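Data block below; observations after.
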Amino acid sequence: MSQKVLLTAKEVTIILNRLACQLIEKHFDFSNTILIGIQPRGVFLAERLKEILEKEYHTPEIQLGYLDITFFRDDFRRTDKPLEANKTNINFIVENKKVIFIDDVLFTGRSIRSALTAIQSFGRPAEIELLVLIDRRFSRNLPIQPDYRGRQVDAINGEKVRVNWKENDGDDGVYLVTS
Ligand SMILES: O=c1cc[nH]c(=O)[nH]1
């Protein structure tokens with residue numbers, strides 16, 4: 001297995017700040033906007049953005065929820081392995097809100113398709129946008145594109161993009177992993 005650094009911790013910090021600014025430009029004080037971290041690894045990115053927005057850009061407190069998509073995937077019946085679900089935690093009304101889905105890597109688009117189905121159980125948002133740290137180019141199986149992206153990456157099948165978060169993995173960083 002070999003791995004190449006795509007983004008260093010410093011580059012991740014710069015990109016997160018840029019994404020936070022783009023969100024403020026569009027959503028101002030977030031009074032009608034909520035962040036939804038897609039489980040499992042979109043949650044780290046969502047929490048980090050909320051922290052930057054509130055602490056560094058002094059927005060009022062932003063509502064953040066977690067959405068698990070395990071049983072909304074179109075392939076969930078195809079696996080023999082026991083599925084491990086994560087927690088969905090959305091303690092507020094989604095109806096008529098502007099929702100921003102947040103995930104670390106956008107690949108085929110199937111996870112986001114699942115998230116679009118899963119969120120329906122919580123009401124009808126006014127709009128849904130998508131923010132990702134890494135957009136894997138030319139990899140989509142569905143017509144889904146991000147509204148905000150950290151970095152576009154070209155990776156071939158067999159390569160994997162891994163996003164590390166300091167709170168979970170020891171340090172921030174993005175790697176291209178070839179097995
Ligand atoms: O390369 C990929 C594709 C999907 N999800 C990841 O985390 N990395």
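Numbering of ligands and ligand atoms starts at 1, following listing order. Every value quoted in this text rests on a predicted model; they were computed, and no experiment measured them.
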Original post:
What are the atoms of ligand 1, with element, lying closer than 4.0 Å to any heavy atom of Phe107?
Top reply: 3 (C), 4 (C)

**OP:** Select one of side chain, backbone, both or neither to describe which atoms of Arg136 lie under 4.0 Å from any atom of ligand 1, heavy atoms only.
**Re:** side chain

**OP:** Please lay out, stage by stage, how Arg113 and Thr117 fare under the test side-chain hydrogen bond (donor to acceptor under 3.5 Å, both in side chains).
**Re:** CA-CA 7 Å; Arg113 204 281 311 145; Thr117 305; 2.8 Å; yes

Original post:
Do the side chains of Ile102 and Val153 join up, straight or via other hydrophobic residues, at under 4.5 Å, putting them in one cluster?
Top reply: yes

Subject >> Nearest atoms (heavy-atom pairs only) where Gln39 meets Lys87 >> reply: NE2-O, 2.9 Å

Subject >> Rounded distance [0.5 Å steps], CG in Asp68 versus CD1 in Ile90 >> reply: 10.5 Å

Original post:
Taking heavy atoms and a distance under 4.0 Å, where does Val105 meet ligand 1: side chain, backbone, both or neither?
Top reply: side chain

Original post:
So which heavy atom in the protein is nearest atom 8 (N) of ligand 1, and how far is it from that ligand atom?
Top reply: Val161 O, 2.7 Å

**OP:** Measure the shortest side-chain to side-chain distance between Val163 and Asp169 over non-hydrogen atoms and say whether it is less than 4.5 angstrom.
**Re:** no

Original post:
Looking only at protein heavy atoms, which one is nearest to atom 6 (C) of ligand 1, and how far off is it?
Top reply: Lys160 NZ, 3.3 Å

